[in-house]
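Whatever order the structure lists them in is the order used to number ligands and atoms, beginning at 1.
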Amino acid sequence: MTRLIAPFLSLFLSLVVAEPDPAFSFGARLLDPISTGIETANTTGSQHVGIRRESFAFEDRQLNVSWWYPATSEDNAVPFTNAGGLVGEAVLDAPLDSSNGPYPLIIFSPGVASWDDSYYFFLQNLASHGYVVVSIKHLDATKAEAKANPLALAQAKKYQEEQNGSYAVWLTYSWWFRTTHEGLKYRPQEIGFVIDKAIQAASDKLSPFHGNIDAENIGMAGHSLGGFYTLLVGAGMAVNCDYPMTLKEQNLLNPILTEVNFCAWPESRNFSSPTDLHDSRIKAAISLAPPVFIKPSEITRGANSIKTPLMILTGNDPYFESTLKPQRQLYDGAAGPKYKVEINATNHMLIADTYQYNDELTANVPAYLKSNFSAKADVYMTYSSAFFDMYLKKDDSKKEVLQSSSSPLVAALDYSE
Ligand SMILES: *[C@@H]1O[C@H](CO)[C@@H](O)[C@H](O)[C@H]1NC(C)=O
Ligand SMILES: *[C@@H]1O[C@H](CO)[C@@H](O)[C@H](O)[C@H]1NC(C)=O
Ligand SMILES: *[C@@H]1O[C@H](CO)[C@@H](O)[C@H](O)[C@H]1NC(C)=O
Ligand SMILES: *[C@@H]1O[C@H](CO)[C@@H](O)[C@H](O)[C@H]1NC(C)=O
Ligand SMILES: *[C@@H]1O[C@H](CO)[C@@H](O)[C@H](O)[C@H]1NC(C)=O
Ligand SMILES: *[C@@H]1O[C@H](CO)[C@@H](O)[C@H](O)[C@H]1NC(C)=O
């Protein structure tokens, strides 16, 4: 067991080199791009894909995003290589293909420390099915450090042994999560700002997306920390704070950050209602491998508020994936329509292909978790595109796809319409 535990935590622990704009990183940890120039999984949709990078000014900083969109093909077009060295099919600044537009919009929020272009196969694939996708480079993508006090690190190790991986990573990053109040200081704000900008682009004559975004049909997807915020912002999970908290839960300086109640952060105390963070413009949500930062005994009640169509899409590896138990509670509690798909022998980073195959970051991840990549990617692609087709494009024929196992690698499939 220890053989498995050590490499998992080592993914997140690192020496930190302070440099403002690294060429490629996992948070503040500098990384060399993949050395082998590997190709990611091919798209399954019928349209070609373009990618456009954009920098917005937000608060006191630059907020970068990538747009992934249906594009016309050009002879000899060279596919985009992302910062991490991964190659797919997207072509930088390719002309938009408006033939099937306007396209529903999907906002993508990555995991903590992850870059906007690091989910190459997943994002290009949605675009190939006729979506305009905007992925966000959140503040943590260059700033988050895996830093924690020794007590927290010791507890993280215990959690890992107990197959409580979400709590282990939460503690490993406790300096960042404490500083940013579990992300409440910037994640909802950045997501809301990017949704506003994307909707504005739909009617801005100067934008390349003018007239090609269907702003009435907006979806959201997110991975890990972004998967948690997808639950709050996209799906409408409630944060109920109407109960007395223990002193431990209220102590913001508690060295074991996982014991601090989400409701103790000043932002939660300010919520006008338990679903204050919910953005009702979002009509469908996919949460990829979410950890859950609210108190376990409150998850079911929080999930009871979820009325937006929701899919939880995750790997099932007990050591290297987010914890399945709270995901089951979320699924059970949500009103529906809802889906839960688990992919066999799949870990936390596979969906973030650029990190999964990075020579340094995941060098110690066992081979079985890296094997069968395109078959595993295919499961992610099949269910995510069918789900958004069903709920953003109202294509009821996709019900059949959503209700059947697409591959022997589908380890579990639950649904309720
Ligand atoms: C945003 O993108 C620009 C242009 O590529 C780059 O120079 C800058 O460092 C990026 N900023 C952040 C915060 O990632
Ligand atoms: C992706 O498509 C290319 C070109 O069509 C093909 O050469 C390659 O084998 C495909 N890759 C996979 C993993 O199917
Ligand atoms: C909470 O609300 C008060 C009053 O509107 C405001 O002054 C304060 O900045 C808010 N605090 C946070 C952390 O949002
Ligand atoms: C993880 O640990 C926390 C704190 O002990 C506990 O409340 C939670 O139920 C654990 N989760 C799982 C899935 O074991
Ligand atoms: C599922 O993964 C396990 C390894 O965890 C492997 O032994 C098994 O063959 C896999 N099943 C399928 C259908 O791929
Ligand atoms: C990989 O896929 C093959 C063929 O489907 C299967 O037999 C094998 O068990 C899979 N391995 C894992 C680790 O999932």
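In this structure, CD1 in I136 is found 13.0 Å from OG in S114, a value given to the nearest 0.5 Å.
The shortest N or O to N or O distance between K137 and ligand 1 is below 3.5 Å. Inclusion of E267 in the set of residues having an N or O under 3.5 Å from an N or O of ligand 3 is not warranted. Polar contact check, N344 against ligand 5: a nitrogen or oxygen pair lies under 3.5 Å apart.
For atom 1 (C) of ligand 3, the nearest protein heavy atom lies under 4.0 Å away. Proximity of atom 14 (O) of ligand 3 to the protein is indicated by at least one non-hydrogen atom lying closer than 4.0 angstrom. Taking a distance limit of 4.0 Å, we find that atom 9 (O) of ligand 3 is approached by no protein heavy atom.
Judged purely by distance below 3.5 Å, without hydrogens or angles, the side chains of N82 and T354 pair a donor atom with an acceptor atom. Between the side chains of N261 and E249, a donor-acceptor pair is found at a separation under 3.5 Å. One side chain, Y131 or D389, offers a donor N or O that lies under 3.5 Å from an acceptor on the other.
Comment: R301 engages E298 in a salt bridge, judged by a side-chain N to carboxylate O separation of less than 4.0 angstrom.
Applying the 4.0 Å criterion to heavy atoms of N270 picks out, from ligand 3, the atoms 1 (C), 2 (O), 3 (C), 8 (C), 10 (C), 11 (N), 12 (C), 14 (O). Of all the atoms in ligand 5, the ones that sit under 4.0 Å from a non-hydrogen atom of A345 are 2 (O), 5 (O). Set against the non-hydrogen atoms of P266, the atoms of ligand 3 under 4.0 Å away are 13 (C).
Counting all heavy atoms, side chain and backbone alike, F293 lies closest to F262 at O-CB, 3.8 Å.
Here L409 has side-chain heavy atoms under 4.0 Å from ligand 5, and that is the only part of it that gets that close.
Between L126 and F108 there is no side-chain heavy-atom pair separated by less than 4.5 Å.
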